[in-house]
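Heads up, the thing below is written out as structure tokens.
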Protein chains: 2
Amino acid sequence: MVVDEWSDETVDRLFHALADTTRRDILRRCVRAELSVSRLAEAYPMSFAAVQKHVAVLERAGLVTKQRSGREQLVRTDPDAVGRAHQALDELESAWRGRVDRMARLLAENPETEENDTTEGPER
Amino acid sequence: MVVDEWSDETVDRLFHALADTTRRDILRRCVRAELSVSRLAEAYPMSFAAVQKHVAVLERAGLVTKQRSGREQLVRTDPDAVGRAHQALDELESAWRGRVDRMARLLAENPETEENDTTEGPER
DNA sequence: CTCATCTACAACCATTTGGTTGTACGTTAG
DNA sequence: CTAACGTACAACCAAATGGTTGTAGATGAG
């Protein structure tokens, strides 16, 4: 059970970082190649400083890391980052339903939504 | 393959709704039992109106639905909600890792143990 | 009917967010 | 060395967030 329990703040930062189109795009770009912040900034219709802030948000959320290379700061998406987001969702989910059920649902993926359970009460 | 492509705004709303401890807690509570907004509000150290707003955010994100029952408004977590969040993450991931890999990872995930990905080497 | 309850929503406020510009500093190119 | 580049960071601003109180409309209980 590698069910690391994160602090609420950690999860807040994670999802908040993901809740922005520009930041998600930065994540996509910086996984295929490390990009300097300036290079990144060229891609968006906003100032360098704005992009810098977005990167900072991603960094605080643990979604990217920065590495100096000369005068450039190379941004790179943490390969495990999205995995951690999945895990955070699983943790949410596990409050009421086992992962088994979740898998079954995903795999079945049928239109008919199954009924409420209330099967077991993991009382809080 | 129901790989619905969502608008940026939709994904923004989804993650933003998840980026708050109170809202995540509401999700957890309202999946095992439908709760009225008042009942929910009793659980938090904030006003009824504040909880109402949180529920509204969750509703706009498609994470919960409300159903009238007399004078009460019963809140209920959408069973597929977290699944959609996973899917949104997968979509992000697919930028550098094929959906095939994703499926492989999902299928490889076994019931009892924890998922740890990085199952295969994503060329990078 | 009357009253208490549950909900909806507006108005307001403090803080955060997402953006801007400007300035300063380290590093590399010439 | 000097100039250009890449970065960091502060100050500022508008808009969004997260919270409050207050008011008003439905609905159920008695």
Given atom [atom1] of [X] and atom [atom2] of [N], what is their separation to the nearest angstrom?
X	N	atom1	atom2	value
A:Arg39	D:dC5	CZ	P	12 Å
A:Asp20	D:dT17	CG	P	11 Å
B:Glu72	D:dA29	CD	C1'	13 Å
B:Arg68	D:dG25	CZ	P	15 Å
B:Phe48	C:dC9	CZ	P	11 Å
A:Gln67	D:dG6	CD	P	18 Å
A:Lys53	C:dT20	NZ	P	9 Å

For A:Ser36, report the nucleic acid contact type (base, sugar-phosphate, nothing); a contact means any heavy atom under 4.0 Å.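 Sugar-phosphate, no base atom in range.
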
Which part of the nucleic acid does B:Arg23 contact within heavy-atom distance under 4.0 Å: base, sugar-phosphate only, or nothing?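 If one applies the 4.0 Å heavy-atom cut-off, B:Arg23 turns out to touch the sugar-phosphate alone, with no base involved.
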
So which nucleotide from C:dA8, C:dT27, C:dG18 ends up closest to the side chain of A:Arg71?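 That would be C:dT27.
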
Taking the six-membered ring for Trp and the single ring otherwise, decide whether the centroids of A:His86 and B:His86 are under 6.0 Å apart. yes

Judged by nearest nucleotide, the residue sitting upstream toward the 5' end of DNA chain C, A:Ser69 or A:Arg60, is A:Arg60

Do any side-chain nitrogens or oxygens of [X] fall under 4.0 Å of OP1 or OP2 in [N]?
X	N	answer
B:Gln52	C:dA8	yes
A:Lys66	D:dG6	no
B:His54	D:dG19	yes
B:Ser47	D:dG19	no

Kindly calculate the angle separating the two end axes of the helix from C:dC1-D:dG30 to C:dG30-D:dC1, each obtained from five base pairs, and round it to 10 degrees. 30°

Please name the pair of heavy atoms, one in A:Cys30 and one in A:Leu35, separated by the smallest distance, quoted to 0.1 Å. SG-CB, 4.2 Å

Could you check B:Ala50 against A:Val37 and say which one's nearest nucleotide on DNA chain D is further toward the 5' end? A:Val37

Look only at the side chain of B:Arg39 and the backbone of B:Leu74, and say whether a donor-acceptor pair between them is shorter than 3.5 Å. no

Given the rule that I, L, V, M, F, W and Y join up when any side-chain heavy atoms are under 4.5 Å apart, are B:Val82 and B:Val57 in one cluster? no

Cation-pi check, A:Arg29 to A:Tyr44: give yes when NZ or CZ is under 6.0 Å from the six-membered ring centre and within 45° of the ring axis, no otherwise. yes

Heavy-atom side-chain proximity of B:Gln67 to B:Glu34 below 4.5 angstrom: yes

Could you give the distance from CZ (B:Arg23) to CZ (B:Arg28), rounded to the nearest 0.5 Å?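 B:Arg23 CZ to B:Arg28 CZ: 13.0 Å, rounded to 0.5 Å.
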
